[in-house]
Student: 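Below is the structure I would like to discuss, written out as C-alpha cells.
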Amino acid sequence: MPDRNRGPILVYKKALQLYELSRHVVSYVSFNKDLIKLYQSNSLRDSIAGSLLTDTALISKKIEQVVYSNSYTVRVQNTTFINIMIRNLNSYCTGLEKDGVKEKEYLQLLRQEIKSFRKAFKKWTNSLNNT
C-alpha cells in the first residue's frame, strides 16, 4: 500500500479509538448511564459528556468527508472543523474536572489519546497540503 493511503487509515483508526475511549470514560463519569439520553439530563456533567461523545463520533465522519471529497474547499472546511473539535475535547476534559470528576487519571488518559490523535491528524493534514 502506498504511503499516501496509510495516512487516512491511521488517522481514521485513531479517531475510532478516541471515540471508543471517550465512550468508556463517559459511561464511567456520567450520572445518566443511558448514553443515548445524556442530552436530556439536567446535569452539567452529563451535558459535557454528551458533547464529548458527539464530537468524537463526528471526527471520524469528517475524516471520511475529507478522504472522499474532490473539493479542496470541502476538505479544508472539514479539517478546520476537526481542529475545532480537538480543542473542544480538551475543554470538555477540563469541564468534567471542574464539575468534580474524581477519576482524573481517566481524563488524563483521554487527554493523552487526544494528543496522540492530534499529532497523527496534523501529520496527515500536512501531507494533504503537499499534494
Student: Determine, using the 4.5 Å side-chain heavy-atom cutoff (strictly less than), whether I84 and L128 are members of one ILVMFWY cluster.
Tutor: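 Not linked; separate clusters.
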Student: Is there a path of hydrophobic side-chain contacts, each under 4.5 Å between heavy atoms of I, L, V, M, F, W or Y residues, that connects V25 with L58?
Tutor: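 Yes; tracing contacts between hydrophobic side chains, which count when under 4.5 Å, links both residues.
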Student: Ignoring hydrogens, what is the shortest heavy-atom contact between F117 and V11? Give both atom names and the distance.
Tutor: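 Taking F117 first and V11 second, the nearest heavy atoms are CE1-O, 3.5 Å.
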Student: If you measure from CG on D99 to OG1 on T94, what distance do you get to the nearest 0.5 Å?
Tutor: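 Rounded to the nearest 0.5 Å, the CG-OG1 separation comes out at 12.5 Å.
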Student: Which value, rounded to the nearest 0.5 Å, describes the distance between N90 atom CG and L107 atom CG?
Tutor: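 So the CG of N90 and the CG of L107 are separated by 11.0 Å.
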Student: So D55 and Y92, do their side chains get closer than 4.5 Å, heavy atoms only?
Tutor: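 SC-SC contact between Y92 and D55 confirmed.
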Student: Under a 4.5 Å cut-off applied to non-hydrogen side-chain atoms, are K104 and K102 in contact?
Tutor: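 SC-SC contact between K104 and K102 ruled out.
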Student: Are side-chain heavy atoms of F81 and V66 found at a separation under 4.5 Å?
Tutor: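 Not in contact.
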Student: Can you tell if the side chain of E113 reaches within under 4.5 Å of the side chain of T56, non-hydrogen atoms only?
Tutor: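 They are not in side-chain contact.
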Student: Let me check something: do V74 and Y68 share a hydrophobic cluster, defined by ILVMFWY side-chain heavy atoms less than 4.5 Å apart, either directly or through other members?
Tutor: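 Different clusters: V74 never reaches Y68 through Ile, Leu, Val, Met, Phe, Trp or Tyr contacts under 4.5 Å.
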Student: Search all heavy atoms of K14 against all heavy atoms of A120 and return the closest pair with its distance.
Tutor: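 Looks like CD-CB, 3.6 Å.
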Student: When hydrophobic residues are tied together by side-chain contacts of less than 4.5 Å, even through go-betweens, does L53 share a cluster with L109?
Tutor: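 They do share one cluster, since a chain of ILVMFWY contacts under 4.5 Å joins L53 to L109.
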Student: Which atom names give the shortest non-hydrogen contact between I59 and I82, and what distance separates them?
Tutor: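 So the two residues come closest at O-CD1, 4.1 Å.
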Student: Which pair of heavy atoms, one from R45 and one from L96, lies closest together, and at what distance?
Tutor: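 Scanning both residues completely, I find the closest heavy atoms to be CG-CD2, 3.7 Å.
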Student: So, does S116 use its side chain to make a donor-acceptor pair with the main chain of Q112 at under 3.5 Å?
Tutor: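 Pair absent, no side-chain N/O of S116 close to backbone of Q112.
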Student: Between R23 and E20, does any side-chain N to carboxylate O distance fall below 4.0 Å?
Tutor: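 Yes, charged N to carboxylate O under 4.0 Å.
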Student: To the nearest 0.5 Å, how far apart are CG in N83 and CG in N78?
Tutor: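 N83 CG to N78 CG: 11.5 Å, rounded to 0.5 Å.
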Student: Nearest 0.5 Å please: distance from the NZ atom of K98 over to the SG atom of C93.
Tutor: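 Output value for this atom pair is 13.0 Å.
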Student: Measure across A57 and Y19 and return the closest heavy-atom pair with its distance rounded to 0.1 Å.
Tutor: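 Result for this residue pair: N-CD1, 3.7 Å.
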Student: Within the 4.5 Å heavy-atom criterion, are K122 and N126 side-chain neighbours or not?
Tutor: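 When only atoms from C-beta onward are counted, N126 and K122 do touch, with a gap below 4.5 Å.
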Student: How many angstroms lie between CZ in F121 and CG in L18, if you round to the nearest 0.5 Å?
Tutor: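 F121 atom CZ to L18 atom CG measures 12.0 Å (nearest 0.5 Å).
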Student: For the atom pair CG (L110) and CG (L89), what is the distance rounded to the nearest 0.5 Å?
Tutor: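 The CG atom of L89 is 7.0 Å from CG of L110, to the nearest 0.5 Å.
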